[in-house]
Number of protein chains: 4
Amino acid sequence: MLDDIATSAADGSASGETKGSKTAKRVRAAALKLFARHGYAAVSMRQIASEVGVQPGALYNHFPTKQHILKDLMLQHMRGLHDAWADWTKQRADTADPLESFVSFHIGYHLQRADEVFVSYMELRNLEPENFREIEATRQSYEAILTEILNTGAAAGRYEVADPRVATRAIIAMLTGIPTWYRQGGSLTRHDIETIYLDMVRKSVAPGPDQTPKGAG
Amino acid sequence: MLDDIATSAADGSASGETKGSKTAKRVRAAALKLFARHGYAAVSMRQIASEVGVQPGALYNHFPTKQHILKDLMLQHMRGLHDAWADWTKQRADTADPLESFVSFHIGYHLQRADEVFVSYMELRNLEPENFREIEATRQSYEAILTEILNTGAAAGRYEVADPRVATRAIIAMLTGIPTWYRQGGSLTRHDIETIYLDMVRKSVAPGPDQTPKGAG
Amino acid sequence: MLDDIATSAADGSASGETKGSKTAKRVRAAALKLFARHGYAAVSMRQIASEVGVQPGALYNHFPTKQHILKDLMLQHMRGLHDAWADWTKQRADTADPLESFVSFHIGYHLQRADEVFVSYMELRNLEPENFREIEATRQSYEAILTEILNTGAAAGRYEVADPRVATRAIIAMLTGIPTWYRQGGSLTRHDIETIYLDMVRKSVAPGPDQTPKGAG
Amino acid sequence: MLDDIATSAADGSASGETKGSKTAKRVRAAALKLFARHGYAAVSMRQIASEVGVQPGALYNHFPTKQHILKDLMLQHMRGLHDAWADWTKQRADTADPLESFVSFHIGYHLQRADEVFVSYMELRNLEPENFREIEATRQSYEAILTEILNTGAAAGRYEVADPRVATRAIIAMLTGIPTWYRQGGSLTRHDIETIYLDMVRKSVAPGPDQTPKGAG
DNA sequence: AATGAATGAGTGTTCATTCAT
DNA sequence: TATGAATGAACACTCATTCAT
């Protein structure tokens, strides 16, 4: 269920759009790895160049500034996320519960992109204002998917949420935290993780049989 | 309920302090603010000094290195958290539900320390190994409080959690994310936030009426 | 006799050099001059850069640290000394007295390299331990040449020295002190210097006809 | 013969003149040791203060600047040298050979003051011009003693030196080099050293049986 | 005399970036 | 495209020195 989420965008060597030279790809890969481990501000162009196996000046044949590399990584991640969600919904249009579907998708996609996720959430403050606005817009439009699911479901009585936007943030925060501690090869498989979180999310927005008992509250 | 959490230790601008160096405190305050906004690596000692209104060299009368400032901030935050929890439980020993108590405390404490929380979660990777170990130990001992609550409650049939340590992480992530988006003066009061999250957390670990489902649950 | 000692390696401003970085050589020249005048510790990279006519950062394209510049200078000096001695002995294999030959060579070579000599003897303590060991080894192997000459000559009855290693140090100290006070254009020519010192050294290790009269001492 | 050279000036605790406070003496001792090991420019006031066991600011109660400490050390050394020479000649007015007497004295005095000697010869270039002139004058007046001995002895036919001032420098350099390599507890006693160097010096200025040679000498 | 805190300048080194080759 | 060398600004940190206490 998880494993059929596309990996294509990551290395980019397969798809039709070349997305820049071979070196540009290796720069992206090196920067992603280094930004994720040490943070954007703590990584120098020299380190990236060294990881790529090239002199610092060569990087500027592919990205005009360090900031462009960061923006490029985050934009590609957000676009990949949107595209993957579009694919996912296309392939399983009629799945029973849309919340379950979203959570499955989100966990699956994010567990395979720990570095991208980490960078995208940690380095927002290092984006220059204009870049921030652009990335933030795509991030919000992704979160809006979940908000819409919650809204629709709540209207239908399937879920009970006091504030769908707050609930969205709570759920996203919960799910996005996974890659910060989950390590492959531990006692829990990705499927275990998915099951546990799916259960918690589902219950967290479930119509309360006892809690906040509506009428008698 | 939220507002009675102590603020004294944080800014320390109060009266009873020894006499001499208020500067150290102002350095801590400036660094906290700047680290939270721009990140440890992106903040220079010059910026901190300038914010304090002092020459850069003067910082070194109070902290031997930049790294020491970071460690000091994080250690003080974690200790404050533990101490505040100890106070909290002392004052309300017999509260009905310990999970509810913990969540109330956590939200209340963290909403008043957005910067400390942000720095403590974002800058872990910028701690030198030995400092990291020290901070991480206190962080884990804090999370263990929640794990223990879940464990005990699950044994008593009050909660239903597949894996208390995973549930701990999920809940902590959810709650800790609040200060990243919550802004005072918005449409939601702190009390609203507390109510919403309390409800979601409670339900997320509630014995499942539907999940693991039906008759055989 | 003195003037035929090669000067080629020292300034290297000659023609046959590869092409690109003449800068490294100019850095060496500037550092040598400044270290000799003010001492390694008292000279800043900024001063060197300024003397070269370049920004401080540019120095690091040629030498990874200030310490490397010092080591490079000293190593090059010691190697040049060894090589020049090898050349010298090749060209005058059958000279009557080897002590005389050594002293002539030593004075001649050192008078042309006052700065190198000064730095090499003054800055030993500013070498990091590993560099010190390396330089010290070459220095000792140079002094061993003189010790061997004294040993052989003493065995043949040509000289009389109580302890050849102590005599070596005495002679080297005497000769090496010359560039600290000798200034070209004064009343003494290099040839005068050579004659005077040659005489003193020769006598200092001469078989004593009257002094320490052996049996009657 | 060596050991009766006065040690009084070094610690200064015995003699009538107090030469400043107890702390001032400890500052001098600390600075001497550190300057000798690492060089004036490489030693900070903080290091000296730390060695003394005091805060940096306290040093300025005893010496107005770092440069004053250096000058003080060198001046005291040179004065001690002159005074000790005066004592020495007073006590042994009629000794047979004045050159032998001078060499004995010089070796004996310098072997007991390795640090002072080292600093006095190495740090001349770190003296500010006026201080340099002052120290240099006393140094030259000390060397003049030897020059005078050589002059007188040459006139009497006891020695044969081409240029007494050059010979002075050669001899002083030879002797002054001793403390750079001599270590107590090695295979050679101070008496051995004295004997060896005395012999070499004596011969180096002896009327030449071979040099300036033969009949026409 | 000594401290603790500060200054203002300076340290060696690294930074993102540029550019002739 | 890539290199090697350079720039100009900045980095964390240290310096000698001052001064109120």
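On a predicted model such as this, the values are computed, not experimentally measured, just so you know. Protein chains get the first letters and strands the later ones, always in sequence-line order, with residue 1 at the start of each.
The line from CG of L127(B) to NZ of K71(B) is 9.0 Å long, rounded to the nearest 0.5 Å. Distance CG/L32(B) to CZ/R113(B): 10.5 Å, rounded to 0.5 Å. How far CE of M74(A) is from CZ of F132(A): 8.5 Å, rounded to the nearest 0.5 Å. In this structure, CG in L70(A) is found 13.0 Å from CZ in R28(A), a value given to the nearest 0.5 Å.
Neither OP1 nor OP2 of dA6(E) sits under 4.0 Å from any side-chain N or O of Q55(B). Taking side-chain N and O atoms only, T65(A) has no distance below 4.0 Å to OP1 or OP2 of dA16(E). The phosphate of dG4(F) (OP1 or OP2) has no side-chain N or O of H62(C) nearer than 4.0 angstrom. Contact annotation: T23(A) side-chain N/O to dT1(F) OP1/OP2 distance is not under 4.0 Å.
Two residues are said to be in side-chain contact when any heavy atoms from C-beta on lie closer than 4.5 Å; H62(A) and I69(A) fail this criterion. Residues S50(B) and Q47(B) fail the side-chain proximity criterion, which asks for heavy atoms closer than 4.5 Å. Using a 4.5 Å cut-off on side-chain heavy atoms (C-beta onward), I48(C) and E51(C) make no contact. Counting heavy atoms from C-beta outward, R37(B) and R125(A) have side chains that stay 4.5 Å or more apart. Between R139(D) and M78(D) there is a side-chain heavy-atom pair separated by less than 4.5 Å. You'll find the side chain of R79(C) stays beyond 4.5 Å of the side chain of T138(C), heavy atoms only.
Each of N126(B), D72(B), N131(B) was evaluated against Q67(B); a single residue qualifies, N131(B), per the side chain to side chain donor-acceptor pair (under 3.5 Å) test.
As rounded to whole Å, 12 Å separates atom C1' of dT14(E) from atom NZ of K66(A). Between F63(C) atom CZ and dA6(F) atom P there is a gap of 12 Å when expressed in whole angstrom units. Rounding to whole angstrom units, CG of residue N126(C) and C1' of dG12(E) are separated by 15 Å. Residue I69(D) contributes atom CD1, which lies 12 Å from atom C1' of dT17(F) at whole-angstrom precision. A straight line from NZ of K25(D) to C1' of dA1(E) spans 15 Å, rounded to a whole angstrom. The CD atom of Q47(D) sits 11 Å away from the P atom of dT14(F) (whole-angstrom rounding). Rounded to an integer number of Å, the gap from CD1 of I48(B) to P of dC13(F) is 10 Å. To the nearest angstrom, C1' of dT17(F) lies 14 Å from NE2 of H68(D).
Nearest-nucleotide assignment on DNA chain F puts the 5′-proximal partner with R46(C), out of R46(C) and R46(D). Mapping R26(B) and Q67(C) onto DNA chain E via the closest heavy atom, the residue that lands nearer the 5' end is R26(B).
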Fill in the blank from the handout: Dot-bracket for DNA chain F, 5' to 3', Watson-Crick and G-U pairs with both distances under 3.5 Å, [ ] for crossing pairs, | for partner on another strand, reads .||||||||||||||||||||

N/O contacts under 3.5 Å, protein versus nucleotides 18-20 of chain E?
none

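R133(B) and E136(B) are not joined by a salt bridge, as no carboxylate oxygen comes within less than 4.0 angstrom of a charged side-chain nitrogen.
Residue V54(A) places its side chain closer to dT3(F) than to any other of dT3(F), dA16(E), dA6(F).
For DNA chain E, none of the residues of residues 35-45 of chain B falls under the heavy-atom distance limit of 4.0 Å.
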